[in-house]
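Everything on this sheet refers to the single structure shown next.
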Amino acid sequence: MVYVLIVLGLAVVIAPLMSAMPSKSQRAKAALRDQARTCNLRVSLRPLPPIPPRFRFASDDEFACYERRLSAPLHLAGRDERFVSVDGEWYPTTGVSPAPKWLSALPSGAAFVELSEQTVSIFWNEKEGVEGLHALSQAVDSIE
């Protein structure tokens, strides 16, 4: 009887510790985000910016923001461009100008892109793993 009580006591202590351990998918995302740092990408968890209703964008995915500072020659004062992916096609959220060609090289989980004066921010669902990360990094490298 004493042994049963000891085992139950240990189970009560260990169970909360085990539930606090990261799952396999959480460890994979953490490793992917660590790898992003080696590609000079900063990863942050923030909500997707508002997308105009006319795009009828709806997704149950969780997105992480992968951001990189652009090289000095690409800095453009006053730039504020946003693009959204709908059914695999990229559209500007304002205006009617065509989306830049480098957006088509982004992984399929990329949903939203912001180009500011000095940075590019890509909201991505991270489902394609390392291959998607490399595609994302190469697409950012190809910005003209």
Side-chain angles (χ1 to χ4, degrees), residues 5-144:
L5 290 174
I6 292 172
V7 169
L8 286 174
L10 286 173
V12 168
V13 171
I14 293 174
L17 295 175
M18 293 301 290
S19 67
M21 298 287 291
S23 68
K24 185 177 181 180
S25 66
Q26 289 171 328
R27 287 191 303 271
K29 281 186 180 182
L32 181 68
R33 292 170 184 168
D34 285 340
Q35 177 122 17
R37 284 188 216 117
T38 64
C39 298
N40 294 321
L41 290 163
R42 186 178 72 183
V43 181
S44 61
L45 300 176
R46 57 182 176 159
L48 205 58
I51 296 173
R54 73 176 181 273
F55 291 107
R56 296 189 178 131
F57 180 86
S59 177
D60 293 332
D61 289 337
E62 292 180 13
F63 294 98
C65 178
Y66 283 67
E67 186 173 67
R68 185 185 289 171
R69 186 171 173 85
L70 298 171
S71 61
L74 295 175
H75 291 185
L76 187 61
R79 176 169 46 195
D80 183 25
E81 300 174 22
R82 294 184 175 117
F83 303 93
V84 64
S85 176
V86 179
D87 297 328
E89 294 291 323
W90 286 96
Y91 301 97
T93 60
T94 57
V96 292
S97 62
K101 296 208 185 308
W102 65 268
L103 291 173
S104 62
L106 289 171
S108 63
F112 191 83
V113 173
E114 287 182 315
L115 271 169
S116 67
E117 293 179 5
Q118 299 179 0
T119 61
V120 59
S121 302
I122 301 168
F123 290 82
W124 178 46
N125 67 10
E126 303 173 308
K127 289 184 178 176
E128 292 184 27
V130 175
E131 293 89 21
L133 175 63
H134 291 302
L136 189 143
S137 181
Q138 289 173 348
V140 171
D141 288 340
S142 69
I143 295 174
E144 299 172 352

State, to 0.1 Å, how close [X] and [Y] come at their nearest heavy-atom pair, and which atoms those are.
X    : Y    : result
P107 : G132 : CG-O, 3.4 Å
S104 : K101 : OG-O, 2.7 Å
F123 : C65  : CE2-CB, 3.7 Å
S116 : R79  : O-NE, 3.1 Å
W102 : S142 : CB-OG, 3.4 Å

Could you check E128 against H134 for side chain to side chain contact (heavy atoms under 4.5 Å, CB included), going step by step and ending with a plain yes or no? CA-CA 10 Å; E128 292 184 27; H134 291 302; over 6 Å; no
Test R68 against every option in T119, D141, N40 by the side-chain hydrogen bond (donor to acceptor under 3.5 Å, both in side chains) rule and name the one that passes.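 Output: one option passes, namely D141.
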Between [atom1] of [X] and [atom2] of [Y], what distance do you get to the nearest 0.5 Å?
X    : Y   : atom1 : atom2 : answer
I51  : R56 : CD1   : CZ    : 14.5 Å
K29  : S23 : NZ    : OG    : 8.5 Å
I143 : S71 : CD1   : OG    : 9.0 Å
Q118 : L74 : CD    : CG    : 11.0 Å

Does the W90 side chain pair with the main chain of L103, one donor and one acceptor, at a distance under 3.5 Å? yes
Judged by atom type as modelled, is there a donor-acceptor pair below 3.5 Å linking the side chain of S59 to the main-chain atoms of D61? yes
For atom CZ of R54, is the number of surrounding heavy atoms from other residues, nucleotides or ligands below 6.0 Å larger than 12? yes
State whether the number of non-hydrogen atoms from other residues, nucleotides or ligands found under 6.0 Å of E117 atom CD is greater than 12.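 Count over threshold, so yes.
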Please report the C-alpha distance between L41 and L136 in whole Å, then the side-chain angles of each, then the deciding distance to 0.1 Å, and finally whether the side chain to side chain contact (heavy atoms under 4.5 Å, CB included) criterion is met. CA-CA 10 Å; L41 290 163; L136 189 143; 3.7 Å; yes
In this structure, which one of V84, V140, I122, T93 forms a side-chain contact (heavy atoms from CB on, under 4.5 Å) with V113?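 That would be I122; it is the only one of V84, V140, I122, T93 passing the side-chain contact (heavy atoms from CB on, under 4.5 Å) with V113.
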Check whether any side-chain heavy atom of [X] sits under 4.5 Å from a side-chain heavy atom of [Y], and report yes or no.
X    : Y    : answer
L115 : L70  : yes
S137 : Y66  : no
F83  : L106 : no

In terms of relative ring orientation, are F57 and F63 parallel, tilted or perpendicular, with 30° and 60° separating the classes? tilted
